[in-house]
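To start, the structure itself, in structure tokens.
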Amino acid sequence: MAEIHCTHLNKKYGDVEVVPDFNLHVEDHEFVVFLGPSGCGKSTILRMMAGLEDITGGELKIGGKIVNDAEPGDRGIAMVFQNYALYPHMSIRENIAFGLRRLKRPEAEIVKRVDDVTSMLGLEPYVDRNPAELSGGQQQRVAIARAMIKTPDVFLFDEPLSNLDAKLRAHMRYEIARLHKELRTTSVYVTHDQMEAMTLADRIVLLNMGKIEQVGTPEEIYEQPQSLFVAGFIGTPAMNLLDMAVKESRQGWILSGGGIELTIGPDVFSLQSGQKVVLGFRPSKLNILEPGSSDKAISAGVVDMVEFHGDDVLVGINLGESRVTAFVDASERPEEGSQVSFGLAEQDMHIFDLKTELSLRN
């Protein structure tokens, strides 16, 4: 079993506390992605797991053993770095085999295992080349092969695709997902890229200032953000967020602000009259209404941007007091400068308290 237990992990650099109290249980065979902006502590936590950073406080268990003070080579982990970390004077074959040679494994075993991992990763044509003769994507596959050959209990990935172009990143995401399904090794992956997190993770750990904002499946993180930070960070294009005031009505609640007024039922959100809140909704959930539509409009505005995305267009709507965006079918795109009205279903709304920034959904 290669479970990872982080209990009250803490990291300080002098008097500066960068990870105050980190608690997480990673299941055996699970693929967990640490996601967050630069400086949120995700790489620091990964490096503590790897033994590359000292742990100031708390307890780290890998496979049931406390490894706070264990050497990196004794933790049963293999790490793939952002910068590949290949030996430039060695061939690809020698780079991949290096770890096994240090362990003084029999030559026949080394040859077989190098052949196995190069075959799995499609590296056979390149084994006699040096790293400088390979593309960035090929070099990253070599780095993964070098980690795989050690047959670790845990894979740690530190932003391994950030140096690649968009097409190579998409291909390598597929390769890493395929390898995880085949190898079923416990994996922890650090990235600031939402697409990587959404496509690779069994669970996402969204971090902010060294603290966990939310842990959940990609669907849970996207559809049920528990805080204003999560709502604003997840999603491309970003969620529309508008400051609103709440007042009570016979039907439930009236929210108004930013050029929008809408009525919602009494049971979905925990609200109080006079409360200041933030209304959130994704551009794909905003419905631009046809003239004469029977659907109730919550506001109207002037189209000030139409951004072509292929099958869809992103429409910017100026409400005077604020601005919102909507995704619509390209065949139904409005003209810039035209007046449009729009509606929003209650189930597609997110409401957050302005002070606590926490979700108010019941």
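One is the number of the first residue; the rest follow in order along the sequence.
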Got a sec, which residues hit ring pair (Phe, Tyr, Trp, His ring centres under 6.0 Å) with Y189, two or more places apart in sequence or on another chain?
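Applying ring pair (Phe, Tyr, Trp, His ring centres under 6.0 Å) to Y189 gives F31, F157.
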Please tell me if the side chains of [X] and [Y] come closer than 4.5 Å, counting only heavy atoms from C-beta onward.
| X | Y | value |
| --- | --- | --- |
| L279 | L241 | no |
| Y87 | N95 | yes |
| V114 | I149 | yes |
| D54 | K11 | yes |
| K42 | E159 | yes |
| I351 | L271 | yes |
| V142 | L134 | yes |
| L24 | V205 | yes |

Lys/Arg-Asp/Glu bridge criterion (N-O < 4.0 Å) met for [X], [Y]:
| X | Y | result |
| --- | --- | --- |
| R323 | D304 | yes |
| K112 | D116 | yes |
| R141 | E175 | no |
| E30 | R203 | yes |

Check for me, please, whether [X] and [Y] land in the same ILVMFWY cluster - side-chain distances under 4.5 Å, paths through other members count.
| X | Y | value |
| --- | --- | --- |
| V278 | I260 | no |
| V18 | F229 | no |
| F281 | I288 | yes |

Rounded to the nearest 0.5 Å, how far does [atom2] of [Y] lie from [atom1] of [X]?
| X | Y | atom1 | atom2 | value |
| --- | --- | --- | --- | --- |
| L52 | R75 | CG | CZ | 8.0 Å |
| E3 | K61 | CD | NZ | 10.0 Å |
| I204 | I212 | CD1 | CD1 | 13.0 Å |
| I317 | M305 | CD1 | CE | 9.5 Å |
| K181 | H29 | NZ | NE2 | 15.5 Å |
| Q226 | I221 | CD | CD1 | 7.0 Å |

Taking salt bridge (Lys or Arg N to Asp or Glu O under 4.0 Å) as the definition, give me every residue that meets it alongside [X], ordered by chain and number, with sequence neighbours left out.
| X | result |
| --- | --- |
| D21 | none |
| R113 | E109 |
| R101 | E107 |

Could you walk me through whether S227 and E213 satisfy the side-chain hydrogen bond (donor to acceptor under 3.5 Å, both in side chains) test, starting with their C-alpha distance in whole Å, then the side-chain angles of each, then the deciding distance to 0.1 Å, before giving a yes or no?
CA-CA 7 Å; S227 72; E213 286 279 342; 2.8 Å; yes
Can the ring centres of H309 and F327 be said to be less than 6.0 Å apart?
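That pair passes the under 6.0 Å test.
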Between F22 and F34, does the ring centre distance come in under 6.0 Å?
yes
If we ignore hydrogens and angles and just use 3.5 Å, is the side chain of [X] paired with the main-chain N or O of [Y] as donor and acceptor?
| X | Y | value |
| --- | --- | --- |
| D158 | F81 | no |
| N68 | L60 | yes |
| N362 | D267 | yes |
| N287 | L289 | no |
| H180 | T185 | yes |
| R146 | F98 | no |
| E94 | S91 | yes |
| T118 | D115 | yes |
| E223 | E220 | no |
| T186 | A2 | yes |

Shortest non-hydrogen contact from [X] toward [Y]:
| X | Y | value |
| --- | --- | --- |
| V19 | G210 | CG1-O, 4.0 Å |
| R282 | N240 | C-ND2, 4.2 Å |
| G316 | T325 | CA-CG2, 4.3 Å |
| F352 | P225 | CE2-O, 3.7 Å |
| M244 | G257 | SD-O, 3.3 Å |
| A300 | Q339 | CB-NE2, 3.9 Å |

So side chain to side chain donor-acceptor pair (under 3.5 Å) across residues 340-349, not counting sequence neighbours, yields none
Give the intermediate values and the outcome of side-chain contact (heavy atoms from CB on, under 4.5 Å) for residues E59 and H8.
CA-CA 7 Å; E59 182 179 88; H8 301 301; over 6 Å; no
Assess whether side-chain contact (heavy atoms from CB on, under 4.5 Å) is satisfied between L319 and V324, documenting all intermediate values.
CA-CA 8 Å; L319 307 181; V324 297; 4.1 Å; yes
Run the numbers on Y222 and Q194 for side-chain hydrogen bond (donor to acceptor under 3.5 Å, both in side chains), then give the verdict.
CA-CA 10 Å; Y222 184 83; Q194 294 181 43; over 6 Å; no
Going by the side-chain hydrogen bond (donor to acceptor under 3.5 Å, both in side chains) test, name the single residue among R93, Q138, E133 that passes it with Y126.
Q138
Within 6.0 Å of CE in M195, more than 12 heavy atoms from elsewhere:
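Atom CE in M195 is not packed in, count stays at 12 or less.
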Within a radius of less than 6.0 Å around CE of M209, do more than 12 heavy atoms belonging to other residues, nucleotides or ligands occur?
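Open: at most 12 neighbouring heavy atoms sit under 6.0 Å from CE of M209.
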Walk me through whether E182 and R178 qualify under salt bridge (charged side-chain N to carboxylate O under 4.0 Å, His left out).
CA-CA 6 Å; E182 290 185 17; R178 179 181 63 83; 3.0 Å; yes
Would you please test D329 and S331 for side-chain hydrogen bond (donor to acceptor under 3.5 Å, both in side chains) and show each step?
CA-CA 5 Å; D329 190 280; S331 63; 2.4 Å; yes
Determine whether S256 and E261 satisfy the following criterion, side-chain hydrogen bond (donor to acceptor under 3.5 Å, both in side chains), listing intermediate values before the conclusion.
CA-CA 4 Å; S256 58; E261 182 169 290; 4.6 Å; no
Salt bridge (charged side-chain N to carboxylate O under 4.0 Å, His left out) contacts touching residues 353-362 (sequence neighbours left out)
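Output for this query is empty, none listed.
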